[in-house]
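One structure is given below, encoded as structure tokens.
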2 protein chains.
Amino acid sequence: MATGRTHRPATRSRGIPEATVARLPLYLRALTGLSERSVPTVSSEELAAAAGVNSAKLRKDFSYLGSYGTRGVGYDVEYLVYQISRELGLTQDWPVVIVGIGNLGAALANYGGFASRGFRVAALIDADPAMAGKPVAGIPVQHSDDLEKIISENGVSIGVIATPAGAAQPVCDRLVAAGVTSILNFAPTVLSVPEGVDVRKVDLSIELQILAFHEQRKAGEDAAAAEAADVVAPVVRGGAAVDRKGPDGDMPAVMPA
Amino acid sequence: MATGRTHRPATRSRGIPEATVARLPLYLRALTGLSERSVPTVSSEELAAAAGVNSAKLRKDFSYLGSYGTRGVGYDVEYLVYQISRELGLTQDWPVVIVGIGNLGAALANYGGFASRGFRVAALIDADPAMAGKPVAGIPVQHSDDLEKIISENGVSIGVIATPAGAAQPVCDRLVAAGVTSILNFAPTVLSVPEGVDVRKVDLSIELQILAFHEQRKAGEDAAAAEAADVVAPVVRGGAAVDRKGPDGDMPAVMPA
DNA sequence: CGATGTGAACGTATTCACAGCG
DNA sequence: CGCTGTGAATACGTTCACATCG
């Protein structure tokens, strides 16, 4: 960023922090729930609880968008829904293509929340000729030969990749070449894309592994039965605690995977 | 991150930063690829490229695990695979249950990467009696009446929720009561769980909304055709820039969602 | 009065740059 | 000499606490 010492908070800078952006959909969902129940206003405290964050964070997040609350009262639900929707770009409809209509792709196509909020499944694409023409979630699957044509004719800028890992990068390259600039990747691969293209990944096994890490740690700490004490915890797992390299756990010749 | 209302201090676990833990699976995947190709050693530079991070970050991450490299040479692939696997708790097999065998649940059950690395689908559970007994991915679906029994008999501590949003919290409560302490939630809801239970969420529509935000921004900046200059960018979208509340964009009576 | 909005303090994560070692 | 490992510097994110204003 500009190393600017913007003296005045006058014109609020562009640049909503990424962490805030990632929470806006959460707030929006909570607000939509309130809206459906015809709740007119919420306090930061209530809304924060509904979204699973703390209220200071929520207020700070909203402060980046502007002053949309009323002191002593709270936030107008409908107004906030609109402002956040607008900020997220959901006042327009984004056509999306899903590439790779296997189990997962089909599940995504059938996912309801898709069509509801600002997104529309413009096309389903698969490399298997046998799939072509078959309807999934009411939408006929098209063959990947026509990928470029489909992208450009529908003005698609967001693509979802649900192919096997091996196909993901080639598919990604074709999507990008055809004009897609945002990609949601469900394939377990690192995609490389040119500057200016956004990639987000959703990876089941990574999430599980992170859970396993904490799970393992819990099991280790259960032995100590320590609560509230965070200073001790000698970490008994295996042999020595995190030490220098060396023969603590001898390395088996055969890996589990 | 634990999404529950229990604000976990995180300072509790002396040791590896959360951000580092989240990247270990990435490194592990890259290393496994190298291992399969019988590559004996990698430099931080090469491995970082394969994992899609920069090398300084990777070295820092590894430094939390210990000194597993050789200066002037790099890292021994097999050795690192083992160390990371061990750190993530993948040297043991974690039995996992999937609750909610709809489109998504079935896709998850069929997901290969599941069984391969440290995880085993111990059971599939669904509330629909018609599903009971039907095999999905070779595993017979069991009725949710038996949830508690299934959890305890299989020693399950990790649960995957792939139910509709409305069912997620009740299912979560039952899982937790039965002994599950880590939950991967695919339902679009905030789950609240007691202290000590980890929840991670995977949410398609949130990811799409984040992409839409950036996509919208790109479209706005294309007009200015600005490159490298982040100082100017007056932001033309809508009417006035983020200002005080007021009638800038008038709020429509009907929301798109 | 009560809840927002926000500077300031604190904590975490990333990057830099180079000492240290094989 | 090259690459790892790491303190120091920087950037980013969260929390605190209270002035501010409807």
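Residue numbering restarts at 1 for every chain, and letters A, B, ... go by the order of the sequence lines.
- Place A:Lys60 and A:Gly72 on DNA chain C by their nearest nucleotides, and A:Gly72 ends up nearer the 5' end.
- Between the A:Gln216 side chain and the B:Glu87 main chain, a donor and an acceptor come within less than 3.5 Å of each other.
- Within 6.0 Å of CD on A:Glu18 lie more than 12 heavy atoms contributed by other residues, nucleotides or ligands.
- Dashed line: the shortest gap from a side-chain N or O of A:Tyr75 to OP1 or OP2 of C:dG5 is under 4.0 Å.
- Taking only side-chain atoms of B:Arg59, from C-beta outward, the nucleotide of C:dT15, D:dT6, D:dG13 with the closest atom is D:dT6.
- Residue A:Ser67 places its side chain closer to C:dG5 than to any other of C:dA8, C:dG5, D:dT6.
- Look at A:Asn54 and you'll find a side-chain N or O under 4.0 angstrom from OP1 or OP2 of D:dT15.
- Here A:Phe62 and A:Tyr68 keep their ring centres 6.0 angstrom or further from each other.
- A:Ser43 has no side-chain polar atom (N or O) that falls below the 4.0 Å cut-off from OP1 or OP2 of C:dA3.
- Ranking D:dT15, D:dT6, C:dT14 by closeness to the A:Lys57 side chain, first place goes to D:dT15.
- A salt bridge is absent between A:Asp198 and B:Arg217: the closest approach of a Lys/Arg side-chain nitrogen to an acidic carboxylate oxygen does not fall below 4.0 angstrom.
- Candidate nucleotides C:dT14, C:dA13, D:dC3 were compared by shortest atom distance to the side chain of B:Arg71, and D:dC3 ranks first.
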